[in-house]
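Below is one structure, written out as structure tokens; comments come after it.
All values below were derived from every heavy atom in this structure, side-chain atoms included, with hydrogens, water molecules and symmetry-related copies excluded. Letters go in sequence order (proteins before strands), and every chain restarts at 1.
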2 protein chains.
Amino acid sequence: MKALSVTEKLQQKDVKPTANRILVYETMAKLGCPLSISDIEDNLLSIDKSSIFRVITLFVQHDVVHAIEDGSGSLKYEICHEDLLHALGGHVHFYCEKCHHTFCLEGVDIPLVQIPEGFESKSVNYMIKGICPSCCKKNEIGNNLA
Amino acid sequence: MKALSVTEKLQQKDVKPTANRILVYETMAKLGCPLSISDIEDNLLSIDKSSIFRVITLFVQHDVVHAIEDGSGSLKYEICHEDLLHALGGHVHFYCEKCHHTFCLEGVDIPLVQIPEGFESKSVNYMIKGICPSCCKKNEIGNNLA
DNA sequence: AAAAAGATGCAACTTGGTTGCAAAGTTCTT
DNA sequence: AAGAACTTTGCAACCAAGTTGCATCTTTTT
Ligand SMILES: [Mn+2]
Ligand SMILES: [Mn+2]
Ligand SMILES: [Zn+2]
Ligand SMILES: [Zn+2]
């Protein structure tokens, strides 16, 4: 099975591949990590904020991307990879409180829990906050110099 | 060991118990579930938004309350109960997409995961989204009528 | 080619959160 | 007890992210 082009990936999800949509998708794919609307805005000066918003909204509806909630205040979006069952479950995310970057811990699956009778679960979000490797390192160096 | 008064609970955390702080604490205790600043505002018309904000900020710094991130857009706060080790771990939360209410699943502990080398974990947030029991029920009734 | 439907940019608006500042209240000194 | 020093509070102003209305431009349909 060969790799699909961006256009094909969008069509596969019933999203008409307009110029803006392709640009947004490509930007997200290129950067690889979960991005906020403003993050995308900063990387796509040509497109208006509202248009990016509408593209993302459409992408979410059509399951092209999904939203994740790190604690940063703004929603982050990432491309849905179907490889693994992403519906319920998915992987753990990590938010660095120092550099404000959100990481996908692709290898770390979310452990599911038993919830009380009556609750109907639609999605799960497992978020760890702390310091990322590169910021940990910087910190050590800083301490040594001090 | 006897139950502490609100005043004592605040003093225990090095927070001077002013009128506003006691009111905010009592409101949060009374409602029991995680609340946003605006939620508190709606229940405490007498106090200004900015004052509530400052009280909550202080509470967070002094570990009187802690923030949790449901996907609602606004941060929710809840009183820290020391009963269980709340630092790392804590319990799972549930956000109802219908009534926009956030529930503490007190009985359901967050299962911890092994994170990759180099990441330093400070806190964990496990959030389930879906439909709460009371909204599930309403839905069934609605369907039956239709 | 004309009409209809869809996508886009711009500006305006909403909301949650945050800050500056002066007034009111507390605590400390004398 | 009186005044100085510090803290808390309310008000208004501000800010950023998200969201919407509307006119314009583009694409699709007839
Ligand atoms: Mn991810
Ligand atoms: Mn809770
Ligand atoms: Zn970092
Ligand atoms: Zn509900």
Side-chain angles (χ1 to χ4, degrees), chain A residues 6-7 10-11 13-28 34-62 64-78 95 97 100-102, chain B residues 6-7 10-11 13-28 31 33-62 64-78 95 97 100-102:
Chain A
V6 172
T7 300
L10 293 180
Q11 282 167 340
K13 301 280 180 90
D14 281 311
V15 171
K16 204 198 313 176
T18 67
N20 277 355
R21 292 173 189 166
I22 293 173
L23 278 175
V24 169
Y25 190 99
E26 285 176 342
T27 304
M28 295 184 75
L35 300 172
S36 68
I37 304 264
S38 334
D39 291 337
I40 300 172
E41 214 186 331
D42 295 341
N43 279 279
L44 275 176
L45 287 311
S46 60
I47 310 183
D48 185 75
K49 183 173 56 150
S50 66
S51 302
I52 295 177
F53 173 73
R54 287 190 258 239
V55 168
I56 290 291
T57 304
L58 188 78
F59 278 7
V60 168
Q61 285 161 357
H62 288 251
V64 176
V65 306
H66 61 108
I68 61 172
E69 191 74 33
D70 54 20
S72 69
S74 51
L75 270 187
K76 299 285 171 76
Y77 300 90
E78 69 172 336
Y95 177 74
E97 291 173 334
H100 308 290
H101 189 91
T102 300
Chain B
V6 171
T7 301
L10 293 180
Q11 282 167 340
K13 299 281 180 92
D14 281 311
V15 172
K16 205 201 307 179
T18 67
N20 278 356
R21 292 173 190 166
I22 293 173
L23 278 175
V24 170
Y25 190 98
E26 284 177 342
T27 304
M28 296 184 73
L31 299 195
C33 62
L35 301 172
S36 67
I37 304 264
S38 334
D39 291 337
I40 301 172
E41 215 185 332
D42 295 341
N43 280 279
L44 276 176
L45 287 309
S46 61
I47 309 182
D48 186 74
K49 183 171 60 148
S50 67
S51 300
I52 296 177
F53 172 75
R54 287 190 257 239
V55 168
I56 290 292
T57 304
L58 188 78
F59 278 7
V60 169
Q61 285 161 356
H62 287 250
V64 176
V65 306
H66 62 108
I68 61 171
E69 191 74 37
D70 53 20
S72 70
S74 52
L75 268 188
K76 298 287 171 71
Y77 299 90
E78 69 173 337
Y95 177 74
E97 292 173 334
H100 307 290
H101 188 91
T102 300

A:Met28/A:Tyr77 under side-chain contact (heavy atoms from CB on, under 4.5 Å): CA gap, chis, key distance, verdict: CA-CA 9 Å; A:Met28 295 184 75; A:Tyr77 300 90; 3.7 Å; yes
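Rounding to the nearest 0.5 Å gives a distance of 11.0 Å between CZ of A:Arg54 and CZ of A:Arg21.
Among the atoms of the strands shown, only primed sugar atoms or phosphate atoms (P, OP1, OP2) are found under 4.0 Å from some heavy atom of A:Thr18. Note on B:Ser51: a base of the nucleic acid sits closer than 4.0 angstrom, heavy atoms only.
Distances shown here put every side-chain N or O of A:Ser38 at or beyond 4.0 Å from the OP1 or OP2 atom of D:dA16.
Of the two residues near DNA chain D, B:Asp48 and A:Phe53, the one whose nearest nucleotide lies more 5' is B:Asp48. Annotation: of the two residues near DNA chain D, B:Val55 and A:Ser74, the 5′-most nearest-nucleotide partner is B:Val55.
Contact annotation: side chain of A:Arg21 to base of C:dG6, donor-acceptor pair absent below 3.5 Å. Between the side chain of B:Lys49 and the base of C:dG16 there is no donor-acceptor pair of N/O atoms closer than 3.5 Å. At a cut-off of 3.5 angstrom, the base of D:dG10 holds at least one donor-acceptor pair with the side chain of B:Arg54.
None of B:Ile37, B:Val64, B:Leu35, B:Leu75 except one satisfies the side chain to side chain contact (heavy atoms under 4.5 Å, CB included) rule with B:Ile56; the exception is B:Ile37.
Smallest separation of non-hydrogen atoms from B:Asn20 and B:Ser51: ND2-CB, 4.0 Å.
If you check D:dG10, C:dT18, D:dT20 against the side chain of B:Asn20, the one that comes closest is D:dG10.
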